[in-house]
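Have a look at this one before I ask anything.
Counting convention: from 1, in listed order, for ligands and their atoms alike.
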Amino acid sequence: MKLIVANWKMNPVSVDEAIELAKATDRENVVICPPFVFIEEVAKVVNKGKLGAQDLFWAPPTGGAAGGVVTGEVSAQELKNIGTEYVIIGHSERRQKLGETNQIVAKKFAAAIDKELIPILCVGETLEQKKSSEKEEVIKEEIISAFQNLKIKNWKLKIFIAYEPIWAISTNKNAKPDKPENTLETISFIKEILRDLDKNLSRFTHFLYGGSVNSKNAGEFLKYEEIEGALIGGASLIAEEFNKIVDIAS
Ligand code: PGA
């Protein structure tokens with residue numbers, strides 16, 4: 001089964017709209033990632049689907065010896081406690097607009113896994129990096145830094161990697177979706193890196209594509225076995241459009 005992840009970003013602006021959208025898109029094999037402020041209310045109406053968050057902070061909610069208290073942040077444990085099962089890590093908007101480095105992303109990724117939240121690790125290159133043939137190097141660094149020091153206690157846990165070329169994300173100027181063949185190539189490139197790191201990794205790592213996915217192009221990506229789902233921004237806010245994608249996926 002394919003996994004369809006709704007990344008609502010900073011939408012909608014009211015809890016009533018969030019509940020309405022969640023009810024209308026609560027389907028099997030769907031993960032709904034609302035803004036933090038709505039997760040708890042959305043959790044009450046999501047039954048068939050699963051709940052996800054868009055980010056977390058790696059430190060525990062109390063300082064103590066770990067000394068991790070950071071004003072304004074949300075911990076993996078807090079997310080777990082309100083029923084969150086998935087978490088998006090290292091989305092390109094956070095990397096680009098908030099300066100999230102590979103090191104920061106690696107800590108968040110490890111924190112998610114430590115608390116048994118299923119991470120959706122986002123990787124992908126900018127248009128400039130693509131043009132200057134740096135794509136592979138950038139993705140390799142993103143993958144290696146996230147996985148190299150990872151300590152996995154629960155080998156049943158799934159890990160999702162979302163290949164999201166930054167130039168393909170609909171909120172960016174002149175965005176257009178990747179070509180499915182390129183996504184396939186990128187996925188095999190990432191699989192090779194994972195195999196080199198640890199041959200066990202490939203057994204529980206799954207791949208999503210993200211970037212301007214809609215009901216017209218979803219089928220072109222999802223028809224491939226290697227593309228195990230999609231991470232969807234803009235189209236996840238329109239219930240009818242999102243449900244069409246879920247229909248295609250199933
Ligand atoms: P998009 O966003 O579907 O609107 O391109 C995807 C994302 O940013 O995760």
Side-chain angles (χ1 to χ4, degrees), residues 2-13 18 21-22 24-25 27 29-36 38-39 49-56 84 86-100 105 108-109 112 118-127 129-130 135 138-139 142 146 159-180 182-183 186-187 190 206-222 227-249:
K2 309 274 182 183
L3 189 74
I4 305 298
V5 183
N7 177 11
W8 289 1
K9 306 191 181 182
M10 294 167 67
N11 300 285
V13 293
L21 181 58
T25 52
R27 310 258 310 258
N29 304 307
V30 160
V31 178
I32 298 177
C33 304
F36 283 137
F38 301 140
I39 294 181
K50 303 284 187 201
L51 202 62
Q54 299 173 19
D55 185 34
L56 55 67
T84 311
Y86 289 74
V87 61
I88 299 172
I89 303 282
H91 190 280
S92 59
E93 285 153 6
R94 302 194 60 84
R95 292 182 188 262
Q96 291 206 304
K97 295 182 183 163
L98 298 168
E100 271 194 15
V105 171
K108 293 184 171 186
F109 187 55
I118 302 174
I120 301 165
L121 174 71
C122 300
V123 300
E125 79 286 0
T126 63
L127 190 59
Q129 289 162 341
K130 176 177 143 95
K135 170 185 162 180
V138 168
I139 292 177
E142 289 179 332
I159 291 177
F160 285 86
I161 297 178
Y163 173 52
E164 292 209 310
I166 296 169
W167 45 267
I169 292 177
S170 69
T171 44
N172 292 327
K173 220 171 119 208
N174 302 327
K176 52 174 188 318
D178 193 20
K179 295 198 177 71
N182 288 332
T183 297
T186 310
I187 290 174
I190 297 172
H206 303 272
F207 290 85
L208 310 178
Y209 166 73
S212 295
V213 175
N214 56 37
S215 64
K216 296 208 171 60
N217 60 30
E220 292 165 29
F221 289 92
L222 298 173
I227 304 176
E228 292 159 281
L231 178 53
I232 301 178
S236 71
L237 301 171
I238 308 155
E240 201 188 339
E241 175 68 0
F242 185 74
N243 284 329
K244 277 189 203 165
I245 300 173
V246 180
D247 289 340
I248 294 166

**OP:** With heavy atoms of Leu231 as the reference, note each atom of ligand 1 found under 4.0 Å away.
**Re:**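 In order of numbering, the contacting atoms are 9 (O).
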
| request: Among all protein heavy atoms, pick out the one at the shortest distance from atom 3 (O) of ligand 1; state its residue, atom name and that distance to 0.1 Å. | output: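 Nearest protein contact, heavy atoms only, for atom 3 (O) of ligand 1 is Gly233 N, 2.8 Å.
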
Quick note on ligand 1: atoms under 4.0 Å from a heavy atom of Lys9 include exactly 2 (O), 7 (C), 8 (O)

Quick one: does Thr171 get a heavy atom under 4.0 Å from ligand 1?
no

So CD1 of Ile245 and CZ of Phe221: to nearest 0.5 Å the spacing works out to 11.5 Å

For Gly234, the atoms of ligand 1 under 4.0 Å from one of its heavy atoms are 1 (P), 3 (O), 4 (O)

Pairing of Glu100 and Lys108 as salt bridge, 4.0 angstrom limit: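 Lys108 and Glu100: salt-bridged.
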
query: Between Gly210, Ala175, Ser170, which one has a non-hydrogen atom sitting closest to atom 1 (P) of ligand 1?
result: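 Ranked by closest heavy atom to atom 1 (P) of ligand 1, first place is Ser170.
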
Heavy-atom side-chain proximity of Val123 to Ile161 below 4.5 angstrom: yes

First locate atom CD1 of Ile88, then atom CD of Glu93, and finally report the distance between them rounded to the nearest 0.5 Å.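 Output value for this atom pair is 9.5 Å.
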
Next on the checklist: Give the atom numbers and elements of ligand 1 that come within less than 4.0 Å of a heavy atom of Ser212.
Outcome noted: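 Near Ser212, meaning under 4.0 Å from one of its heavy atoms, ligand 1 has 1 (P), 3 (O), 5 (O).
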
Proximity of Ile169 to ligand 1 by residue part, where a heavy atom lies under 4.0 Å =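 Both the backbone and the side chain of Ile169 come within reach of ligand 1.
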
query: Do any N or O atoms from the side chain of Asn217 and from the backbone of Ser212 form a donor-acceptor pair under 3.5 angstrom?
result: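 Indeed, once roles are kept as given, a pair shorter than 3.5 Å links the two residues.
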
Scanning both residues in full, the closest heavy-atom pair of Tyr163 with Tyr209 reads O-CD1, 3.4 Å

Taking only non-hydrogen atoms of Gly211 and a 4.0 Å limit, the atoms of ligand 1 in range are 5 (O)

Filtering Glu93, Lys176, Glu164, Gln54 for the heavy atom nearest atom 7 (C) of ligand 1 leaves Glu164

CD1 on Ile139 to OG1 on Thr186, rounded to 0.5 Å:
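Result: 5.5 Å between the selected atoms.
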
